[in-house]
Chemist: 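Sharing a structure here in structure tokens format.
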Amino acid sequence: MGFADQRFNVNLSILFTELPLLERPAAAAAAGFTAVELWWPWVDSPTPEQSELDALKKAIEDAGVQLTGLNFYAGQLPGPDRGALSIPGEESEKFRANIDVAADFAASLGCKALNALYGNRVEGVDPAEQDALALENLALAARAADRVGAIILIEALNQPESPKCPIVSAPKAIEIVDKVNAATGLGNAKLLMDLYHLSMNGEDLPSVIEQYAAKTGHVQIADNPGRGAPGTGSLPLEELLDQLKKAGYDGWVGLEYKAGDRPSAESFEWLPREAR
């Protein structure tokens with residue numbers, strides 16, 4: 001077992017950001033990777049021009065990499081926002097406008113996983129009202145994902161860095177997963193298990209894996225402290241990924257870490273090229 005037994009993809013919204021967006025897929029391929037994932041790249045627009053979508057699609061195809069994960073519109077990422085779907089008014093409307101755009105773009109590249117970030121609590125708004133709106137929007141997103149043969153992912157963030165986000169534990173994320181599946185009857189809502197975020201929450205990672213591997217649709221990693229590459233912190237990521245594999249998880253592992261002060265291409269020395 002070990003890193004060589006995993007399937008890794010590179011998150012192009014946190015790695016290779018020293019390059020323009022359209023150059024990042026080729027950079028990931030040059031570093032030896034065959035798959036990539038993305039946050040929604042147009043932070044100001046849930047419905048970009050078709051020419052922009054086409055240009056990104058062509059860049060991914062020309063690089064010969066597979067798009068394995070895509071976020072729905074989630075506001076300013078990186079930045080103050082943590083999603084849009086639970087925020088009444090303009091942000092919720094933007095999320096809804098984006099649902100079919102994101103699903104169709106994912107489908108055009110054979111991407112089977114769409115991440116729906118919940119969003120922050122809003123001062124002066126009843127949390128129950130936000131949660132009802134969120135469930136409504138998540139059900140819409142789940143149906144759109146199902147239409148293109150994809151799953152929808154619910155991600156737990158971490159409380160220290162996202163104090164206004166209500167989903168900051170694996171059990172809470174699973175609660176939302178179960179509610180969405182109950183609302184739609186589709187069963188295509190899954191947990192996005194980000195080991196960095198869960199470790200920042202102080203959760204018992206082996207226990208989380210044991211309990212929730214079967215409901216996990218995607219995994220992301222970064223070391224802690226620092227959110228750097230494996231080996232820069234103290235998380236036993238190799239052991240944790242081995243445990244996930246033994247528990248039956250055979251999906252992709254997204255590299256969602258910060259390269260630090262060096263070029264992104266130099267941040268992969270922990271992973272032998274033949275294992276990328």
Chemist: Is the CD atom of E269 crowded by more than 12 outside heavy atoms at less than 6.0 Å?
Modeler: yes

Chemist: With the threshold set at 4.0 Å, does a side-chain nitrogen-carboxylate oxygen contact exist between D178 and K215?
Modeler: yes

Chemist: Check the pair F3 / W270 against ring-ring contact (aromatic ring centres under 6.0 Å, His included), numbers first and verdict last.
Modeler: CA-CA 9 Å; F3 287 139; W270 59 275; 4.9 Å; yes

Chemist: Step by step, work out the side chain to side chain donor-acceptor pair (under 3.5 Å) result for Y249 and Q6.
Modeler: CA-CA 10 Å; Y249 179 75; Q6 309 295 333; over 6 Å; no

Chemist: Test N158 against V168 for side-chain contact (heavy atoms from CB on, under 4.5 Å), laying out the working first.
Modeler: CA-CA 5 Å; N158 75 75; V168 287; 5.7 Å; no

Chemist: I'd like to know whether F8 forms a side-chain contact (heavy atoms from CB on, under 4.5 Å) with L271, so could you lay out the CA-CA distance, the side-chain angles of the two residues, the decisive distance to 0.1 Å, and finally the verdict.
Modeler: CA-CA 10 Å; F8 292 102; L271 184 63; 3.6 Å; yes

Chemist: Determine, for D100 against R147, whether the closest basic-nitrogen to carboxylate-oxygen distance falls under 4.0 angstrom.
Modeler: yes

Chemist: Identify the heavy atoms of C111 and L70 that sit nearest to each other, and give their distance.
Modeler: SG-N, 4.0 Å

Chemist: Show the numbers, then the answer: is there a side chain to side chain donor-acceptor pair (under 3.5 Å) between S169 and E203?
Modeler: CA-CA 8 Å; S169 74; E203 294 182 67; 5.0 Å; no

Chemist: Side chains of N9 and V36, heavy atoms from C-beta outward: is any pair under 4.5 Å?
Modeler: no

Chemist: For the residue pair F268 and F16, categorise the inter-ring angle as parallel (less than 30°), tilted (30 to 60°) or perpendicular (more than 60°).
Modeler: tilted

Chemist: Check S86 against A134 and note the closest heavy-atom contact, atom names and distance.
Modeler: CB-CB, 3.8 Å

Chemist: Can you name the closest pair of heavy atoms from E256 and A222 and give their distance?
Modeler: O-CB, 3.7 Å

Chemist: Considering residues, nucleotides and ligands other than Q50, do more than 12 of their heavy atoms fall under 6.0 Å from its CD?
Modeler: yes

Chemist: Please check if the number of heavy atoms outside E239 that lie under 6.0 Å from its CD is greater than 12.
Modeler: no

Chemist: Ring centroid separation for F95 and F72, is it under 6.0 angstrom?
Modeler: yes

Chemist: Check whether any side-chain N or O of N120 sits under 3.5 Å from a backbone N or O of P80 as a donor-acceptor pair, and report yes or no.
Modeler: yes

Chemist: Could you state the interatomic distance from CD1 (I209) to CE (M193), rounded to the nearest 0.5 Å?
Modeler: 5.5 Å

Chemist: Are the side chain of R82 and the backbone of Y118 linked by a donor-acceptor contact shorter than 3.5 Å?
Modeler: no

Chemist: Checking side chain to side chain donor-acceptor pair (under 3.5 Å) for the pair D44/Q76: CA distance, chi angles, key distance, verdict?
Modeler: CA-CA 7 Å; D44 296 317; Q76 297 287 328; 2.9 Å; yes

Chemist: Which of these, L195, I221, L237, L244, sits in a side-chain contact (heavy atoms from CB on, under 4.5 Å) with V253?
Modeler: I221

Chemist: State plainly whether the residues E210 and K246 are in salt-bridge range, i.e. N to O under 4.0 Å.
Modeler: no

Chemist: Would you confirm whether N181, through its side chain, and N188, through its main-chain N or O, come within 3.5 Å as a donor-acceptor pair?
Modeler: yes

Chemist: For the side chain of K245 and the backbone of D5, is there at least one donor-acceptor N/O pair under 3.5 Å apart?
Modeler: yes

Chemist: Quick check: does any side chain N or O of Y257 sit under 3.5 Å from a backbone N or O of S267, one acting as donor and the other as acceptor?
Modeler: yes

Chemist: May I ask whether V10 and L109 are part of the same hydrophobic cluster, defined by side-chain heavy atoms of I, L, V, M, F, W, Y residues being less than 4.5 angstrom apart, directly or through others?
Modeler: yes

Chemist: Run the numbers on R143 and L186 for side-chain contact (heavy atoms from CB on, under 4.5 Å), then give the verdict.
Modeler: CA-CA 8 Å; R143 292 186 184 103; L186 295 171; 3.9 Å; yes

Chemist: Less than 4.5 Å apart, side chain to side chain, heavy atoms only: is that true for L117 and L77?
Modeler: yes

Chemist: For the hydrophobic clusters of this structure (ILVMFWY residues joined by side-chain heavy atoms under 4.5 Å, transitively), does one cluster hold both I99 and L133?
Modeler: no

Chemist: Would you indicate whether the side-chain heavy atoms of L153 and L114 approach each other to under 4.5 Å?
Modeler: no

Chemist: When you measure from the side chain of E155 to the backbone N and O of N115, does any donor-acceptor pair fall under 3.5 Å?
Modeler: no

Chemist: So that I can tick it off, tell me whether R96 and E93 are bridged by a salt bridge, with the cut-off set at under 4.0 angstrom between side-chain N and carboxylate O.
Modeler: no

Chemist: With a 4.5 Å heavy-atom cut-off, do L140 and L85 have their side chains touching?
Modeler: no

Chemist: In sequence, state the C-alpha distance, the side-chain angles, and the governing distance for E37 and Q220, and then conclude on side chain to side chain donor-acceptor pair (under 3.5 Å).
Modeler: CA-CA 10 Å; E37 64 184 32; Q220 290 175 333; 2.8 Å; yes

Chemist: Between K172 and E175, is there a salt bridge with N-O shorter than 4.0 Å?
Modeler: yes

Chemist: Please determine whether a side-chain nitrogen of the Lys or Arg among K258 and D223 lies less than 4.0 Å from a carboxylate oxygen of the Asp or Glu.
Modeler: no

